[in-house]
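Atoms considered below: every heavy atom in the structure, side chains included; atoms not considered: hydrogens, waters and symmetry mates. Ligands are counted one by one from 1 in listed order, and the atoms in each one are counted from 1 as well.
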Amino acid sequence: MDVIVVGAGPVGMTIAALLDTAGVRVEVVERSSEPVRQSRGSTMHPRTLEVLTVLETGDGCRLSDVLVELGKPVTGTHYATLPDLLDYQDLDTPFPFVLLLAQWRTEQALAELLRAREVPVHYGAEVTEVVQSDDEVRVLAGGTWHSARYVVGADGAHSAVRKAAGIAFPGTTPNAVGFVGDVRLAHPPEHSLHLWDQERGSVSVIPLTDTATRVFGMRADDVGLTAAQARRRQAEPLTFAELADSVTGISGRDFGLRDASWLSRSSNSARHATTYRAGRVFLTGDAGHVHLPAGGQGFNVGIQDATNLAWKLAAEVAGRAPGLLITGEAAYDAERRPVAERLVADTQAQDALMHTFSPAGAALRSLFGSFIAQGGEVAQQLAGAVSGLAVAYPHPDGAHALVGTRAPDLPLTKGSVLRALRPDRFLLLDLTADASLAKFGSPQVEVRTAALHDGPRRAAWDSVRAALIRPDGYVAYAASSPAGLADAVAAWLEPASQPDAVRGK
Ligand SMILES: Cc1cc2nc3c(=O)[nH]c(=O)nc-3n(C[C@H](O)[C@H](O)[C@H](O)COP(=O)(O)OP(=O)(O)OC[C@H]3O[C@@H](n4cnc5c(N)ncnc54)[C@H](O)[C@@H]3O)c2cc1C
């Protein structure tokens, strides 16, 4: 094997599918004896659907098509459960909505894709040891040693891979514990509801499908705990009776609560790995960052981690990764850790907004809610961040303004950018009048022509004549004349010397 992925959660299965698409020999080892049917994340944001468009499921379909078919698109999403929603309808994406879909359905679709692609997924294989040398990594999974050139730890918050690699996971201890359940309601609200009581706590009710409703919130007496109290509280299984008592006690309504298909507790512990790479071992998703599940961002950001890492690791496996991607400013760790830093800070801000049960908290919510209701710059900035569409990577001095930003789904002469991306090659948009960039084509650079007349929303693209798009859909180079294109292609595609690349030092 080239790569062993530890963990068959949404992030592990995404990176396994992307690596396999890029021609990397990959296998997945998973502790559970079979796929787990847990709701957990129910919110999928636009950028996640965009990146999952890269994965083909057959019949000309993409994974995003499959998921949209399964889920329920809604045009807005809450921030810190404030009643005025962030509006996604005007976002420049083929997916201007939030997709409500239970996490296990997403995982099931990914598992089916891996099965169809014949990527081995070993269930009942808990990883207990990870040992790396200069040449390989060995992983003890379910009592059997597996070896590969690289290991990706996608094994969640308590990651055994992270611990074995000696990567620290500093952060804050929990001081608040919330409740969450997927239930049936005799009287479900037509739209999402977010209710507060300054003395008793908060409750949110989000209709997921015709039959399932997500209910979550926080009791005021579950805030301000010591770390030990919080851990004890978290360890107590949530019962249906307690959920019903919390919902009616806080909101004064019972919504005709029937049975629950899933009950759990959440905490506001926030932790972030000090590095995402130790030699031949990488961390992705919750193995690298955990936080309060606010705004439905955990697996969304994890899937972006996977997308960022997959093409870089595929290039490294093939021995054609430049230093820029291994230890330079475009390395996985350099690009993704700042994104998760912002994510953790964002969820901490939401924690304060959501769980301050006092007149001061109410005033803060009212003020913040009014910013969102105005739909101005604050609302747009939040929508950009939570949707994932505004996430950008560092912009080198003097580079075109588009460099580092996500390429929108520009129409090409044939198809569009999102459907032309692949994890093993760059996309060169030839926007010259005479299609003069064909000579830059190679197995690693797909040249596509386009004539852009896309209106004011994409004004920044008007003068662009050449754009090199990375396999994960971010702009590597853009210019009004292709003069610097050869240098850009060399910088992004010319391999580093092999020993450095392999050691990742
Ligand atoms: C109440 C709640 C609501 C949430 N809502 C959202 C939401 O709406 N949107 C969103 O994006 N996120 C949401 N999240 C967060 C989301 O569920 C997580 O971020 C996501 O599951 C992380 O995916 P992962 O693949 O990194 O890790 P996990 O889903 O934790 O998967 C890790 C996998 O690794 C396996 N594993 C663990 N240890 C080992 C080992 N030693 N050996 C082998 N296998 C191992 C596990 O069995 C598991 O299958 C929510 C979370 C909670 C609790």
Side-chain angles (χ1 to χ4, degrees), residues 4-16 27-45 47-49 71 77-78 81 98-104 106-107 110-111 121-130 139-144 146 151-164 177-182 204 206 208 214-218 234 238 262-269 273 276 282-306 309 340 343-344 347 386-388:
I4 297 170
V5 175
V6 182
V11 176
M13 287 194 284
T14 299
I15 194 160
E27 66 177 356
V28 183
V29 289
E30 162 59 44
R31 177 177 59 192
S32 306
S33 52
E34 56 185 25
V36 178
R37 210 177 145 136
Q38 271 199 356
S39 303
R40 293 216 275 173
S42 57
T43 305
M44 188 172 285
H45 291 286
R47 183 64 184 144
T48 308
L49 286 161
T77 190
H78 69 81
T81 64
V98 153
L99 189 72
L100 298 181
L101 181 66
Q103 187 168 322
W104 70 266
T106 301
E107 291 177 11
L110 280 160
V121 180
H122 308 285
Y123 287 95
E126 177 171 6
V127 169
T128 46
E129 279 190 60
V130 181
V139 163
L140 185 61
T144 304
H146 299 238
V151 163
V152 174
D155 51 343
H158 304 285
S159 173
V161 174
R162 185 184 65 231
K163 289 172 195 156
V177 176
F179 56 84
V180 53
D182 282 355
S204 292
I206 301 187
L208 294 179
R214 168 70 51 93
V215 177
F216 65 91
M218 182 86 72
Q234 229 186 332
L238 178 69
W262 178 65
L263 292 167
S264 187
R265 297 192 196 272
S266 59
S267 99
N268 63 349
S269 169
Y276 288 177
F282 296 86
L283 299 180
T284 51
D286 277 17
H289 40 78
V290 293
H291 49 79
L292 179 79
Q297 300 181 79
F299 78 71
N300 283 277
V301 172
I303 285 177
Q304 304 301 328
D305 290 345
L309 175 58
L343 166 72
V344 168
T347 56
V386 177
S387 66

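In this structure, the side chains of D182 and L208 come closer than 4.5 Å at one or more pairs of heavy atoms. Taking 4.5 Å as the limit, some side-chain heavy atom of V29 sits within range of a side-chain heavy atom of V127. In this structure, R214 and L100 have side chains that are not in contact, with every pair of non-hydrogen atoms separated by 4.5 Å or more.
With rounding to the nearest 0.5 angstrom, the OG1 atom of T77 is 13.0 Å from the CE atom of M44. One distance of note links CZ of F299 with OG1 of T43; it measures 7.0 Å at 0.5 Å rounding. Between the CD atom in E107 and the CG atom in L101 there is a gap of 10.5 Å [rounded to 0.5 Å].
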Enumerate the pairs of nitrogen or oxygen atoms, one from ligand 1 and one from the protein, separated by less than 3.5 angstrom; state names and distance to 0.1 Å.
residue, atom, partner, partner atom, Å
ligand 1, 8 (O), S42, N, 3.0
ligand 1, 8 (O), T43, N, 3.0
ligand 1, 8 (O), T43, OG1, 3.4
ligand 1, 9 (N), T43, O, 3.3
ligand 1, 9 (N), G296, O, 3.2
ligand 1, 11 (O), G296, O, 3.4
ligand 1, 11 (O), G298, N, 3.2
ligand 1, 11 (O), F299, N, 2.8
ligand 1, 11 (O), N300, N, 3.1
ligand 1, 11 (O), N300, ND2, 2.8
ligand 1, 12 (N), G298, N, 3.2
ligand 1, 12 (N), F299, N, 3.2
ligand 1, 17 (O), Q103, OE1, 2.8
ligand 1, 19 (O), D286, OD1, 2.8
ligand 1, 19 (O), D286, OD2, 3.3
ligand 1, 19 (O), F299, N, 3.2
ligand 1, 21 (O), R40, NH2, 3.4
ligand 1, 21 (O), Q103, NE2, 2.8
ligand 1, 25 (O), P10, N, 3.4
ligand 1, 25 (O), V11, N, 3.1
ligand 1, 26 (O), D286, N, 3.0
ligand 1, 29 (O), R40, NH2, 2.7
ligand 1, 30 (O), R40, NH2, 3.2
ligand 1, 41 (N), V127, O, 3.1
ligand 1, 42 (N), V127, N, 2.8
ligand 1, 44 (N), R31, N, 3.0
ligand 1, 47 (O), E30, OE2, 2.6
ligand 1, 49 (O), E30, OE1, 2.6
ligand 1, 49 (O), E30, OE2, 3.1

